[in-house]
Amino acid sequence: MFDLYGTESVLQYRGKDIICNPPHLFALANAACTKLKDFKENQCILISGESGSGKTEATKLMLRYMAAIGGMQNHHITQPILEASPLLESFGNAKTMHNDNSSRFGKYVELYLENGVINGASTSQYLLEKSR
Ligand SMILES: Nc1ncnc2c1ncn2[C@@H]1O[C@H](COP(=O)(O)OP(=O)(O)OP(=O)(O)O)[C@@H](O)[C@H]1O
């Protein structure tokens with residue numbers, strides 16, 4: 001079993017330039033955090049793909065990475081942010097032909113960071129027109 005998203009991977013990608021490591025969700029999340037810090041400009045990660053391609057899981061993994069690189073100092077803030085995803089899924093997901101846990105809504109998540117540490121978040125849900 002590969003451990004692609006554990007602590008070792010967090011340490012491997014943390015603070016490293018995107019070209020230093022093989023492609024990974026953590027590399028992308030790290031690049032967004034680094035650019036935010038260096039250029040003091042908002043960053044956006046757009047996750048798209050067909051149903052079942054892994055958008056929801058990718059989003060959760062990147063959130064987990066961003067929470068992890070901030071350490072435990074804002075645990076009381078990051079924990080509810082991470083726990084919000086499965087809670088919202090319980091209201092808005094359903095089993096389809098393509099995905100046992102298919103989101104029936106689009107998500108827009110805003111994270112607020114200070115010195116590379118998450119200190120807040122907001123999320124909006126949008127109903128999708130899906131035929132499947
Ligand atoms: N990184 C991953 N590692 C292992 N399995 C994964 C990964 N990402 C997704 N999967 C598997 O694929 C399934 C579908 O992923 P996910 O729900 O994230 O897709 P989605 O693109 O959000 O789909 P939808 O548009 O239908 O909501 C997951 O339930 C999981 O079994």
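Fair warning: this is a prediction, and the values are worked out from it, not measured in the lab. Every number for a ligand or one of its atoms is a count from 1 in the order of the listing. For the single chain, residues carry numbers from 1 onward in sequence order.
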- Pick one: which of Thr123, Ile45, Ile81 meets side chain to side chain contact (heavy atoms under 4.5 Å, CB included) with Val109? Thr123
- Val117: which of Asn74, Ile77, Thr78 passes side chain to side chain contact (heavy atoms under 4.5 Å, CB included):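 Of the listed residues Asn74, Ile77, Thr78, the side chain to side chain contact (heavy atoms under 4.5 Å, CB included) partner of Val117 is Asn74.
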- Task: For the pair Lys55 (side chain) and Glu50 (backbone), establish whether a donor and an acceptor sit closer than 3.5 Å, ignoring hydrogens and angles.
- Result: yes
- Query: Within the distance-only criterion (no hydrogens, no angle test), does the side chain of Asp3 pair as donor or acceptor with the backbone N or O of Gly6 below 3.5 angstrom?
  - Reply: yes
- Can you tell me which residue pairs pass the ring pair (Phe, Tyr, Trp, His ring centres under 6.0 Å) test with a partner in residues 19-41, sequence neighbours excluded?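 Sorted pair list: Tyr5-His24, Tyr5-Phe26, Tyr13-His24, His24-Phe26, Phe26-Tyr65.
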Short N or O distance, [X] and ligand 1, threshold 3.5 Å exclusive:
X	result
Gly54	yes
Gly52	yes
Arg104	no

- Options Asn93, Thr56, Leu25, Asn101, ranked by nearest heavy atom to atom 22 (O) of ligand 1, top entry: Thr56
- Name the option, out of Thr59, Asp100, Asn99, Thr96, that contains the heavy atom nearest to atom 29 (O) of ligand 1.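 Among Thr59, Asp100, Asn99, Thr96, the closest heavy atom to atom 29 (O) of ligand 1 comes from Asn99.
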- Message: Pairing donors with acceptors under 3.5 angstrom, does anything connect the side chains of Gln79 and Glu83?
- Response: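 Distance-only check passes for Gln79 and Glu83.
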- Message: Could you tell me, atom by atom, which parts of ligand 1 come under 4.0 Å of a heavy atom of Tyr5?
- Response: 1 (N)
- Considering the heavy atoms of Ser102, write down every atom of ligand 1 situated less than 4.0 Å from one of them. 24 (P), 26 (O), 27 (O)
- Message: Between ligand 1 and Gly49, can you find any atom pair, the residue atom being a heavy atom, that is separated by under 4.0 Å?
- Response: no
- Message: In this structure, does ligand 1 have an atom that sits under 4.0 Å from one of the heavy atoms of Glu50?
- Response: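 Yes.
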- Message: Among residues at least two apart in sequence or on other chains, which ones pass salt bridge (Lys or Arg N to Asp or Glu O under 4.0 Å) with Glu57?
- Response: Lys60
